[in-house]
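Down below is the structure, laid out as structure tokens.
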Amino acid sequence: MTTRITWILGNWKQNHLAADAAECAQGIASGLEAALANPVAGCPEVRVGVAPTYLALAATAPFARPAKDAWLLAQDVAAQESGAFTGEVGVAMLKEAGVDAAIVGHSERRAHFGDTNALVARKLANALAHGLTAVLCVGESLESRDKGEHESTVITQLSESLAQVDSNAIDARLVIAYEPVWAIGTGRTASPEQARDMHRAIRSHLGQTYGDAGRGRSILYGGSVKPGNAAELLAAGDIDGFLIGGASLKADSFLAIAAAAAQTARPSA
């Protein structure tokens, strides 16, 4: 049975004003112990976290960092530490706000805000170099999958996004999230087999490039994850948790996914 950490992470995107963020985070914190109680035999450690908007970090932090009930994530991070970069938020600023980790390279950042692989590489290297855990997102469009180019697309994103990362930083602070773009917010979900196969391709590439440190990285699935399909996805093997969108906006559904993670046996890697 694998010893990789299972991550259940909620990306709240441009949702939840401060009061709603605090209410949701409080609900998650108060129900988390029960959700993760009595895990199935051999279940890896399950960690949870949420990524509110920048303006809701302060409202969410009391239910995350002080008691470590849940990790606090940022939805993005600047490629530079400080300076004349209007609208950007650097690593030191995030850490001062209580942030433990940052999402980097989400498909919506790539599609709508010009985050190229080169820019993602700079953001990722900056986050890891200054002590944050980073969740690097990769994923293909429906067009790429229909053309049979889905694996090459994802591996290219992965290799170019890691191009500026020191090999010594390929450790537990690097988490990969595979998010097929065609399954984000569409109600469509990659089949467990499709998700597993891509996760194995990613793990194989990381192993070939970085050895055991690469093979040991947690790889999450993101794309219309719900309480009803979480266990089936995890049971397929090689899926180390989820980056969750809509289902993370309510504490009950998010906790149900966390509970499924604690109660689902994972096949050995």
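Residue numbers run from 1 in the order of the sequence given. Basis for what follows: all heavy atoms, side chains included, without hydrogens, waters or symmetry-related copies.
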Check [Y] with [X], please: is the shortest side-chain N to carboxylate O separation under 4.0 Å?
| X | Y | result |
| --- | --- | --- |
| Arg47 | Asp240 | no |
| Arg200 | Asp238 | yes |
| Arg145 | Glu143 | no |
| Lys123 | Asp115 | yes |
| Lys250 | Asp20 | no |

Between Trp7 and Val135, is there a side-chain heavy-atom distance shorter than 4.5 Å?
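Counting from C-beta outward, Val135 and Trp7 never come under 4.5 Å.
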Strictly distance-based, threshold 3.5 Å: is any side-chain N or O of [X] a donor or acceptor partner for the main-chain N or O of [Y]?
| X | Y | value |
| --- | --- | --- |
| Arg173 | Leu128 | yes |
| Lys13 | Thr53 | no |
| Arg215 | His205 | no |
| Tyr221 | Gly223 | yes |
| Asn11 | Ile244 | no |

Hydrophobic cluster mates of Val40, side-chain heavy atoms under 4.5 angstrom, ILVMFWY only, any path?
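In the cluster with Val40 there is nothing else; it is isolated.
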Connected via hydrophobic side-chain network under 4.5 Å: Leu119 and Leu124:
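They do not share one cluster, since no chain of ILVMFWY contacts under 4.5 Å joins Leu119 to Leu124.
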Exercise: do [X] and [Y] side chains pair donor with acceptor under 3.5 Å:
| X | Y | value |
| --- | --- | --- |
| Gln157 | Thr153 | no |
| Ser144 | Ser141 | yes |
| Gln75 | His106 | no |

Supply the atom-to-atom distance Leu9 CG to Thr6 OG1, rounded to the nearest 0.5 angstrom.
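Taking CG in Leu9 and OG1 in Thr6, the distance rounds to 11.0 Å.
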Rounded at 0.5 Å granularity, tell me how far OG1 in Thr116 sits from CZ in Arg109.
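These two atoms lie 11.5 Å from each other.
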With sequence neighbours excluded, residues passing ring-ring contact (aromatic ring centres under 6.0 Å, His included) with Tyr178
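Here the qualifying residues are His199.
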